[in-house]
Amino acid sequence: QVQLVESGGGLVQAGGSLRLSCAASGIIPRIGNMGWYRQAPGKQRELVAAITSGGVTNYADSVKGRFTISRDNAKNTVYLQMNSLKPEDTAVYYCNADVQSWVSRDYIPYWGQGTQVTVSS
C-alpha cells in the first residue's frame with residue numbers, strides 16, 4: 001500500500017515563507033509526475049505546481065515567481081517552497097503522485113491527507 005505523508009503547513013504572516021514536504025512510502029517501483037494542489041473553503045481544488053520525473057516544472061499563474069517545486073527521487077519526496085505568501089494562498093494543500101503499480105506497471109494517482117496553510121494579513 002502506497003502512502004503520501006505531508007508536512008510543513010502552518011500559520012504565517014503575509015510576506016512570510018513555508019516549505020511543504022511530501023514523502024511517498026510503500027512498494028514503489030517508480031514515480032512519474034508529482035504535484036501540489038490546494039483547496040480553499042468554498043472553492044474547487046486547483047493545481048498549484050507539478051514536476052515530472054525528469055524535473056520539468058509547471059506552475060499556476062497565481063504562484064509563478066513565488067513558489068518553487070522540487071523533488072528528490074532517491075527519497076520519493078516532493079517539496080514546495082512558498083515565499084512571499086499572501087492571504088489568498090490560504091488553503092489545504094494536497095500532494096499528488098503518479099505511482100507505478102508493481103503488479104500491472106500502470107501509473108496510479110495517490111493523494112496525501114492534506115496540510116493546512118494559513119496566511120494572515
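As the structure is a prediction and not an experimental result, all values here were calculated from the model. In this chain, residues are counted from 1 in sequence order. Values below: all heavy atoms of this structure, side chains included; hydrogens, waters and symmetry mates excluded.
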Problem - Pairwise side-chain contact, Gln116 with Thr90, heavy-atom cut-off 4.5 Å (strictly under) - result: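 Gln116 reaches Thr90 side chain to side chain.
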Handout entry: Electrostatic pair Lys86-Asp89, nearest N-O below 4.0 angstrom
Key =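 Between Asp89 and Lys86 there is no salt bridge, as every charged N stays at least 4.0 Å from the carboxylate O atoms.
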If you take all heavy atoms of [X] and [Y], which pair is closest and at what distance?
X	Y	value
Met34	Ala97	CE-CB, 4.0 Å
Leu47	Trp36	CD1-O, 3.6 Å
Ser121	Pro87	CB-CG, 3.8 Å
Ser53	Asn73	O-ND2, 3.4 Å
Arg38	Ser62	NH2-OG, 3.4 Å
Pro109	Asn96	CB-ND2, 4.0 Å

Is there a path of hydrophobic side-chain contacts, each under 4.5 Å between heavy atoms of I/L/V/M/F/W/Y residues, joining [Y] to [X]?
X	Y	result
Val78	Tyr59	yes
Tyr79	Tyr37	no
Ile69	Val117	yes
Leu4	Ile28	yes
Val5	Tyr94	no

Which distance, rounded to the nearest 0.5 Å, do you find between the [atom1] of [X] and the [atom2] of [Y]?
X	Y	atom1	atom2	answer
Arg19	Met82	CZ	CE	11.5 Å
Ile108	Asp98	CD1	CG	10.0 Å
Ile31	Thr52	CD1	OG1	13.0 Å
Glu6	Cys22	CD	SG	5.0 Å
Cys95	Leu20	SG	CG	9.0 Å
Leu80	Thr115	CG	OG1	11.0 Å

Handout entry: Within 6.0 angstrom of Trp102 CH2, more than 12 heavy atoms from elsewhere
Key =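 No, because the 6.0 Å sphere around CH2 of Trp102 holds 12 heavy atoms or fewer from other groups.
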Problem - Neighbour count >12 (heavy atoms, 6.0 Å) for atom CD, Glu46 - result: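 Atom CD in Glu46 is crowded, with more than 12 foreign heavy atoms closer than 6.0 Å.
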Practice task
Evaluate the ring planes of Tyr93 and Phe67, with Trp represented by its six-membered ring, and classify them as parallel (under 30°), tilted (30 to 60°) or perpendicular (over 60°).
Solution key: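 Judged by the thresholds at 30° and 60°, the geometry between Tyr93 and Phe67 is tilted.
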Handout entry: Whether Arg30 side chain and Gln100 backbone form a donor-acceptor pair below 3.5 Å
Key =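 Side chain of Arg30 to backbone of Gln100: no pair is present.
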